[in-house]
Amino acid sequence: MSKSFRSIRGIHDGLTSDVRRWRHIEQTARDVFKCYAFSEVRLPVLEPTALFVRSIGEETDIVSKEMYHFTDQGGDDICLRPEGTAGAVRAYLQAGLTRSGSQRWFYTGPMFRRERPQKGRLRQFQQIGVEWLNVQGPLEDAELLAMAHAFLSELGLPSLRLEINSLGCPVCRPDYRNKLVVYLKSRTDCLCETCNVRIEKNPLRVLDCKNESCQAQLADAPEMASHLCNDCETHFFGLKQALDVLDIPYHVNPRIVRGLDYYNRTAFEIITDQLGAQGTVLAGGRYDGLVGELGGPATPAVGFALGLERIAMLLPETEAELPDIGIVAIGDSVSAYALNVAAELRKAGCSVVHCGGGSAKRQFKMADREHVRFVAVIGEDEMHSNHITLKNMADGNQETLVLNQVITTCLSG
RNA sequence: GUGGAUGUAGCUCAAUGGUAGAGCCCCGGCUUGUGAUGCCGGUGGUUGUGGGUUCGAGUCCCAUCAUCCACCCCA
């Protein structure tokens with residue numbers, strides 16, 4: 001048909017089979033998160049641009065080139081959120097919750113980043129985000145990972161790889177960063193162009209470079225793990241110990257670097273090899289400095305986000321829910337009666353469709369196309385005797401029943 | 001932002017530079033109170049868009065847009 005209107009590049013429609021899977025993922029998340037006492041919040045899609053510049057970091061790709069931002073009619077600089085954590089922290093502060101103990105939140109909704117579309121990468125995509133505000137122990141980090149692990153297992157996706165790392169904190173990271181810069185500067189010739197730029201702007205990102213020659217140079221690079229301060233060291237050790245106790249398999253990967261500036265200490269990713277280049281299905285970490293950065297009191301926190309579409313790609317197709325009953329009404333004289341029968345069936349919880357009009361043959365064809373389990377035939381005979389002829393479409397058998405029998409038959413599977 | 005591949009019917013795909021086709025879907029019929037399989041018939045295309053080469057372009061060239069994949073980035 002008309003191809004003059006298409007959805008915007010990288011922004012896709014969620015049709016029924018997609019939504020079925022998304023709902024399954026979301027429902028599983030709600031069920032699992034409930035056991036950990038997390039509660040749902042709904043946060044704005046539009047936020048002040050400055051919020052993300054401040055929280056994610058001006059030099060990051062997300063802020064420097066991927067945000068959809070614009071000036072609105074009132075002259076305010078606003079943007080479509082590229083992620084959820086900054087908005088959650090903003091809401092937490094705005095509601096004055098910093099003195100109310102810890103908050104356990106989750107949310108779901110669309111995020112927007114203007115990247116080049118690819119497998120597992122859209123310009124509008126959905127995340128389920130989890131934020132645990134005002135907690136500082138490694139046990140909470142472990143518990144959050146346990147929750148993520150339980151969620152993925154519940155979905156039947158246990159064969160994913162959990163990688164963890166510690167990014168240090170403002171006490172130990174600057175020192176480590178300096179050592180890394182010295183190391184990298186001694187071999188600038190062997191590093192790719194972008195990495196040479198990174199040495200000045202964000203040297204930790206060099207560790208994450210996928211360029212083989214860069215990786216080769218990093219074999220002897222100083223690792224954050226061996227430069228952690230005592231507190232970070234204890235924290236990381238505590239996390240690993242708790243994960244062992246909980247029997248959650250993990251791999252320490254010193255290469256994990258988060259692309260958002262607010263992370264510190266614990267960083268983690270859950271990865272699949274089945275999605276090509278975009279294999280990160282869930283990722284997050286600790287952001288102890290973010291609440292303070294956004295103007296609140298020093299408040300430690302952990303969180304993660306997962307990509308709904310990416311997880312959906314790992315799930316098998318789910319069957320559509322088909323109507324229980326198709327109404328075949330024969331003759332104009334019964335149409336009002338048939339309408340009432342349908343209403344009664346629906347009131348009882350059956351899903352019911354009318355099969356149009358015309359000949360019985362025509363209506364049965366329609367019933368077949370709708371894949372109904374049963375057809376309720378209603379003609380003058382049925383109307384006068386107050387019965388319904390119910391045909392089982394799978395085996396072709398049919399019997400004459402009263403309304404209540406029809407309801408039990410259709411609700412009993 | 002940079003590369004590579006691909007755009008033909010609603011869908012999946014054909015068509016040595018020479019009349020655009022098939023399967024599925026859809027619609028109708030096979031005597032009207034019984035569907036799927038069967039048989040017969042039918043609708044449906046400015047070949048993504050715009051230029052160019054040619055007597056002639058779905059096919060070759062250029063541009064543009066979109067999709068997919070990779071780089072990059074990240075959920």
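The shown structure was predicted, so the numbers you read here are calculated from the model rather than taken from an experiment.
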Do [X] and [Y] come within less than 4.5 Å of each other through their side chains, counting heavy atoms only?
| X | Y | result |
| --- | --- | --- |
| A/Cys79 | A/Phe70 | no |
| A/Pro323 | A/Arg373 | no |
| A/Arg113 | A/Tyr68 | no |

So what's [N] paired with, Watson-Crick or G-U wobble, going by both distances under 3.5 Å?
| N | value |
| --- | --- |
| B/G3 | B/C69 |
| B/G45 | none |
| B/A75 | none |

Which nucleotide in the list [options] gets nearest to the side chain of [X]?
| X | options | answer |
| --- | --- | --- |
| A/Lys119 | B/C69, B/C74, B/C72 | B/C69 |
| A/Thr280 | B/G33, B/C74, B/C69 | B/C74 |
| A/Ala305 | B/A75, B/G35, B/A70 | B/A75 |
| A/Lys365 | B/U34, B/A75, B/G35 | B/G35 |

Exercise for the section: Name the residue closer to the 5' end of RNA chain B, choosing between A/Glu83 and A/His12 according to the nucleotide with the nearest heavy atom. Expected result: A/His12
Practice task
Between A/Ser7 and A/Ala360, just flag the one whose closest nucleotide in RNA chain B comes earlier from the 5' side.
Solution key: A/Ala360
In this structure, how many angstroms lie between the [atom2] atom of [N] and the [atom1] atom of [X], rounded?
| X | N | atom1 | atom2 | result |
| --- | --- | --- | --- | --- |
| A/Arg362 | B/U31 | CZ | P | 17 Å |
| A/Lys391 | B/A36 | NZ | P | 10 Å |
| A/Arg373 | B/A36 | CZ | P | 21 Å |
| A/Arg369 | B/C27 | CZ | P | 4 Å |
| A/Lys361 | B/C27 | NZ | P | 14 Å |
| A/Arg116 | B/A70 | CZ | P | 13 Å |
| A/Met366 | B/A36 | CE | C1' | 16 Å |

Look at the side chain of [X] against the base of [N] and say whether a donor-acceptor pair falls under 3.5 Å; ignore hydrogens and angles.
| X | N | value |
| --- | --- | --- |
| A/Glu115 | B/G1 | no |
| A/Glu66 | B/C72 | no |
| A/Arg121 | B/C72 | yes |
| A/Gln363 | B/U34 | no |
| A/Arg9 | B/U67 | no |
| A/Arg310 | B/C74 | yes |

Problem - Between A/Asp77 and A/Thr49: side-chain donor-acceptor atoms closer than 3.5 Å - result: yes
Problem - Any side-chain donor near an acceptor of the partner, A/Asn178 and A/Tyr183, under 3.5 Å - result: no
Handout entry: Rounded distance in Å between the C1' positions of B/G28 and B/U64
Key = 43 Å
